[in-house]
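Reading through the structure tokens given below for one structure.
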Amino acid sequence: MKLTVLGATGSIGVSTLDVVARHPDRFQVVALTGHSRVEVLAEQCRRFRPVYAVVGSAADAQRLVGMLTGLGTEVLHGAEALSQVASLPEVDAVMAAIVGAAGLEPTLAAARAGKRVLLANKEALVMAGAVFMAEVRRAGALLLPIDSEHNAVFQSMPHDYAGDMPRSGVRRVLLTASGGPFRTASLDMLTTVTPEQAVAHPKWSMGRKISVDSATMMNKGLEVIEAHWLFNAPADKIEVVIHPQSVIHSLVDYEDGSVLAQLGNPDMRTPIAHALAWPGRIDSGVASLDLFAVAQLNFERPDPVRFPCLDLAYRALRAEGNAAAVLNAANEVAVAAFLDRRLPFLRIADVIAAALDAVPHAALPDLAAVLEADRCGREAAMRALARYTT
Ligand code: NDP
Ligand code: MG
């Protein structure tokens, strides 16, 4: 299988290459993309010898060329090049692991080219759900979820599931959430949270943006919207369950009372290997689950007072149209400001709520409308930010 890895230098990208390296006879890397971590990308190129490597700027491209003398890898840069390597005719599968809205267009390009799309970049689906799913269907792309919860739901759904929950006897989708680093923190403590505390996730090691999303539980909100599009599940059939051990990755509740789940150690190489090999199974490097060491599986309801972002996401999903794109854009602006120490942790939700209130409802018929909603969401969030920044 010939692969493009978008976001190769990030947490998911590195885990993907770890799995790929275990199966040199099975996978061949055609293109790797990074943005600013040029040294990491250079090292990956030396190891996997891709035909193409993509970075963000012309200056970084020049640096990378200097680091790859004699290797034969063609170095490209900029947003267009990302879409180009995502849709190369010789590529079979694209790992979509760029963080945030920047990943939308290359991920969409992979779908349009009918690839096997391994979707980690949930923001793409949150922003552009209807447009994205229409392209997947039109082009006959195979969309496989990498997000551990959605990968678990996919594994627990009937093997021929075609988006009709009642017909398949599916009652509900239950998404588990670890609760993040502040599951038991008091509201008082949350007022003084630092970026260092917010990115220190108890169970998963991830990029900075998704780590903050996990701390606010916006990550679970984005995942509710992601589940809606992936499984054609209405908002009231998607429930969030806090499960601090992060061993059950999600569950599907059937009409007959059966509940099917996927379990495993919290390591993204499992869903990555699953999607790379589907419908087969390959070694991911992840150890067997030791149930005796786990000993207990606990469940709690999410607290809407400490985690208002979850309700904001449900609100955006129910509002339809541009609301989820506005929510996603405002969240990206707010999280960046928090990581920059310009916005207090508890104000992240206020900025998003203000953006949802400020941007008028609109339909999202095409990519242009999605990008416009993203722009409006960012602008509205910037205005709200001015009120709250320290
Ligand atoms: P990281 O921050 O670790 O990596 C992000 C990747 O995107 C890096 O390769 C980065 O390049 C690249 N990138 C950043 N900005 C741009 C841009 N403007 N243009 C092109 N490339 C860019 O994130 P994660 O790997 O943690 O997450 C990636 C995606 O996967 C996110 O959407 C996240 O929600 C999702 N996900 C992640 C999980 C995890 O366990 N990490 C779990 C489930 C989903 P560089 O570093 O070179 O600047
Ligand atoms: Mg997840």
Side-chain angles (χ1 to χ4, degrees), residues 4-18 31-45 53-57 60-61 63-64 76-86 95-107 109 117-127 145-154 175-180 199 201 203-214 217-227 230 240 243 246 248-250 262 265-272 275 328 331-332 335-336 339 374:
T4 284
V5 183
L6 301 170
T9 50
S11 162
I12 293 286
V14 167
S15 294
T16 302
L17 292 176
D18 181 281
L32 293 175
T33 86
H35 192 62
S36 56
R37 280 178 270 196
V38 182
E39 282 79 15
V40 176
L41 188 61
E43 188 52 46
Q44 293 176 334
C45 288
V54 184
V55 287
S57 68
D60 281 341
R63 277 177 61 214
L64 187 60
L76 309 170
H77 70 272
E80 294 252 310
L82 297 172
S83 294
Q84 189 188 329
V85 298
M95 166 56 77
I98 291 174
V99 61
L104 172 62
E105 288 183 67
T107 308
V117 182
L118 314 183
L119 185 75
N121 179 209
K122 66 192 88 185
E123 296 92 342
L125 206 51
V126 169
M127 294 169 73
I146 294 298
D147 215 345
S148 58
E149 296 76 6
H150 306 74
N151 185 273
V153 171
F154 179 81
L175 298 181
T176 54
S178 69
V199 302
H201 197 277
K203 291 287 170 192
W204 299 92
S205 149
M206 309 181 287
R208 281 160 67 79
K209 190 258 178 184
I210 184 175
S211 296
V212 176
D213 286 347
S214 299
M217 284 197 77
M218 179 53 92
N219 182 49
K220 212 49 53 179
L222 299 177
E223 291 183 357
V224 168
I225 301 172
E226 183 184 13
L230 286 172
V240 172
H243 165 48
S246 296
I248 300 179
H249 298 310
S250 278
Q262 185 257 2
N265 288 315
D267 187 320
M268 289 308 293
R269 290 176 301 173
T270 295
I272 290 167
N328 179 69
N331 182 53
E332 288 189 23
V335 170
L339 284 170
D374 181 67

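All ligand and atom numbering here is 1-based and tracks the order in the structure.
Considering backbone and side-chain atoms together, T9 places an N or O closer than 3.5 Å to an N or O of ligand 1. Between S11 and ligand 1, an N or O atom pair is found at a separation short of 3.5 Å. Residue contacts with ligand 1: I210 is placed with no nitrogen or oxygen under 3.5 Å of a nitrogen or oxygen of the ligand (distance criterion only). At least one N/O-N/O distance between R37 and ligand 1 falls below 3.5 Å. Residue S148 has no nitrogen or oxygen atom sitting less than 3.5 Å from a nitrogen or oxygen atom of ligand 1, judged on distance alone. When only interatomic distances are considered, the shortest N/O to N/O separation between W204 and ligand 1 does not fall below 3.5 Å.
Across every non-hydrogen atom of T176 and I248, the tightest pair is OG1-O, 2.8 Å. Taking all atoms of both residues into account, the shortest heavy-atom contact from A101 to E123 is N-CB, 4.3 Å. Closest heavy-atom contact between S250 and V153: CB-CG2, 3.7 Å. Listed here is the closest heavy atom pair of S148 and H249: O-CB, 3.8 Å. The heavy-atom pair separating A53 from L41 by the smallest distance is CB-CD2, 4.4 Å. Heavy-atom minimum distance, N121 versus G100: ND2-O, 3.2 Å.
Remark: the backbone N or O of E149 is not paired with any side-chain donor or acceptor of E223 at under 3.5 angstrom. In this structure, N219 contributes its side chain and I210 its backbone to no donor-acceptor pair below 3.5 Å. Between the side chain of T9 and the backbone N or O of R37, no donor-acceptor pair lies under 3.5 Å. N151 places a side-chain N or O within donor-acceptor distance of the main-chain N or O of P145, the cut-off being under 3.5 Å. A donor-acceptor distance shorter than 3.5 angstrom exists from the side chain of T4 to the backbone of V85, with no hydrogens or angles considered. The main-chain N or O of I146 is never found under 3.5 Å from a side-chain atom of K122 such that the two would form a donor-acceptor pair. Side-chain atoms of T270 do not come within 3.5 Å of backbone N or O of P266 as any donor-acceptor pair. No side-chain donor-acceptor contact under 3.5 Å links H201 to the backbone of S214.
Only the side chain of A102 comes within 4.0 Å of ligand 1, counting heavy atoms alone; its backbone N, CA, C and O stay farther away. Contacts between K209 and ligand 1 below 4.0 angstrom, taking non-hydrogen atoms only, are absent altogether. Residue contacts with ligand 1, taken as heavy atom pairs separated by less than 4.0 Å, involve I98 via backbone and side-chain atoms alike. Here M268 has side-chain heavy atoms under 4.0 Å from ligand 1, and that is the only part of it that gets that close. Using a 4.0 Å cut-off between heavy atoms, L222 makes no contact with ligand 1 at all.
With contacts defined as side-chain heavy-atom distances shorter than 4.5 Å, the pair V14/Q44 qualifies. I225 places none of its side-chain heavy atoms less than 4.5 Å from the side chain of L125. Residues D60 and L64 are not in side-chain contact: their nearest non-hydrogen atoms beyond the backbone lie 4.5 Å or more apart. Contact annotation: the side chain of M218 never approaches that of V335 to less than 4.5 Å [non-hydrogen atoms, C-beta and beyond].
Here is the list of ligand 1 atoms found below 4.0 Å of a heavy atom in L82: 20 (C). Close contacts between ligand 1 and G10 involve ligand atoms 1 (P), 3 (O), 4 (O), 8 (C), 9 (O), 25 (O) [criterion: under 4.0 Å to a heavy atom]. Heavy-atom contacts of K122 reach the following atoms of ligand 1: 32 (O), 34 (O), 44 (C) (cutoff under 4.0 Å). The ligand atoms of ligand 1 that sit less than 4.0 angstrom from a heavy atom of G7 are 6 (C), 9 (O). Atoms of ligand 1 found under 4.0 Å from any heavy atom of E123 (numbered from 1 in listed order, with element): 31 (C), 32 (O), 34 (O). Using a 4.0 Å cut-off to heavy atoms of G34, the atoms of ligand 1 that qualify are 11 (O), 47 (O). Atom numbering of ligand 1 starts at 1 in the shown order; those under 4.0 Å from a heavy atom of D147 are 43 (C), 44 (C). Annotation for ligand 1: atoms under 4.0 Å from non-hydrogen atoms of A120 are 30 (O), 32 (O), 35 (C), 36 (N), 44 (C).
Of the protein's non-hydrogen atoms, V99 CG1, 3.7 Å is the one closest to atom 5 (C) of ligand 1. For atom 16 (C) of ligand 1, the closest non-hydrogen atom of the protein is H35 CG, 3.5 Å. The nearest heavy-atom contact from the protein to atom 27 (O) of ligand 1 is I12 CG1, 4.2 Å. Of all protein heavy atoms, the one closest to atom 23 (O) of ligand 1 is G207 CA, 3.9 Å.
Distances from ligand 1 to the non-hydrogen atoms of A97 include at least one value under 4.0 Å.
Screening the protein for N, O or S atoms under 2.8 Å from the Mg ion (ligand 2) yields 3; no waters enter the count.
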